[in-house]
Amino acid sequence: KQEVTQIPAALSVPEGENLVLNCSFTDSAIYNLQWFRQDPGKGLTSLLLIQSSQREQTSGRLNASLDKSSGRSTLYIAASQPGDSATYLCAVRPHTGNQFYFGTGTSLTVIP
Amino acid sequence: DGGITQSPKYLFRKEGQNVTLSCEQNLNHDAMYWYRQDPGQGLRLIYYSQIVNDFQKGDIAEGYSVSREKKESFPLTVTSAQKNPTAFYLCASTSGGSGRHEAFFGQGTRLTVV
């Protein structure tokens with residue numbers, strides 16, 4: 001069974017700092033990996049989706065990379081803002097099977 | 001606007017009651033999912049459905065039931081057999097076939113036992 005880990009569980013940074021969130025997974029036979037944002041009491045908002053054949057995806061200040069061989073993905077946030085404060089989750093969809101597996105998330109606080 | 005609608009946003013259940021959470025999508029997605037989220041435990045899969053009139057149990061299906069009579073709808077019933085139902089419930093959908101399989105989520109239903 002795929003295991004997904006996100007470290008650190010919580011992160012606090014001053015506004016303007018660049019930061020990296022980590023996601024690791026145990027089985028490299030993945031179909032895609034997706035990064036989400038969750039605000040308190042809300043659903044998940046999709047940020048970036050990386051297919052297994054891709055190395056990275058970019059959207060605005062966000063850049064996600066994927067290294068299947070090492071079982072790792074990173075989410076890079078440039079010039080962080082207080083509005084970036086949220087929990088960030090990664091999810092992995094395996095090549096076989098019909099579900100996806102989530103990490104427990106990183107809670108990010110950006111201090112003004 | 002295309003998306004997933006969950007209702008109600010808040011739901012209260014008395015001991016011994018069954019309650020049903022609604023999930024509707026207008027994304028024309030084939031697959032739909034129900035997840036439960038508890039603090040510190042991440043998201044756990046309850047049930048999923050790849051096609052109308054078919055569904056499979058996830059990791060924590062006991063005490064829950066679902067139906068998929070229409071492509072757009074995937075309601076979840078929390079039965080009295082679920083001993084600890086207080087949680088945040090999230091519905092998701094993805095496209096099928098050889099597509100991106102990008103997942104989209106609703107805004108969630110918070111269920112509380114009173």
Side-chain angles (χ1 to χ4, degrees), chain A residues 1-10 21-26 29-54 57 59 62 64 66 73 86-107, chain B residues 2-7 9-10 21 23 25 27 29-51 54-61 68 87-112:
Chain A
K1 179 182 174 182
Q2 180 75 263
E3 300 282 343
V4 182
T5 304
Q6 292 186 248
I7 295 174
L21 307 180
N22 297 295
C23 172
S24 61
F25 46 95
T26 53
I30 67 170
Y31 186 88
N32 62 34
L33 184 145
Q34 194 168 355
W35 281 94
F36 295 90
R37 168 188 174 132
Q38 186 176 31
D39 294 291
K42 303 291 187 182
L44 277 63
T45 299
S46 179
L47 297 173
L48 290 164
L49 174 76
I50 310 178
Q51 302 290 2
S52 62
S53 58
Q54 297 174 322
Q57 281 288 311
S59 176
L62 305 180
L66 174 65
S73 175
T87 296
Y88 291 80
L89 298 109
C90 67
V92 171
R93 186 183 184 100
H95 258 297
T96 58
N98 297 309
Q99 63 167 296
F100 30 102
Y101 298 89
F102 282 84
T104 51
T106 294
S107 177
Chain B
I4 301 177
T5 301
Q6 288 187 242
S7 62
K9 187 173 181 179
Y10 300 98
L21 284 60
C23 178
Q25 56 101 357
L27 300 167
H29 284 171
D30 294 311
M32 297 185 74
Y33 308 78
W34 275 105
Y35 282 88
R36 170 178 171 146
Q37 187 175 35
D38 296 279
Q41 292 199 44
L43 276 74
R44 293 182 290 168
L45 182 65
I46 305 172
Y47 268 98
Y48 65 97
S49 168
Q50 298 297 303
I51 196 170
D54 186 51
F55 46 83
Q56 287 79 41
K57 293 181 179 180
D59 299 320
I60 56 165
R68 187 87 186 274
F88 191 52
Y89 290 86
L90 288 159
C91 179
S93 70
T94 64
S95 59
S98 58
R100 282 163 50 89
H101 291 275
E102 183 173 4
F104 294 89
F105 280 79
Q107 287 300 297
T109 293
R110 184 164 299 281
L111 174 62
T112 304

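Just so we're on the same page: letters track the sequence lines, and every chain starts at 1. Since the structure is predicted, the reported quantities are computational estimates derived from the model, not experimental observations.
Only the side chain of A:Q51 comes within contact range of chain B, judged by heavy atoms closer than 4.5 Å. The contact between A:F36 and chain B is made entirely by side chain atoms (from C-beta outward), counting heavy-atom distances below 4.5 Å. The contact between A:Q38 and chain B is made entirely by side chain atoms (from C-beta outward), counting heavy-atom distances below 4.5 Å.
When all heavy atoms of B:G42 and A:T104 are compared, the pair lying nearest together is N-CG2, 4.1 Å.
The choice from B:Q37, B:K9, B:Q6 that makes the most heavy-atom pairs within less than 4.5 Å of chain A is B:Q37.
A distance-only check finds no donor-acceptor pair linking the side chain of B:Q41 to the backbone of B:R36 [under 3.5 Å].
At a threshold of 4.5 Å between non-hydrogen side-chain atoms, the residues B:R44 and B:D38 count as touching.
Evaluation of the salt bridge (Lys or Arg N to Asp or Glu O under 4.0 Å) test over residues 41-53 of chain A, restricted to residues two or more places apart or in two chains, returns none.
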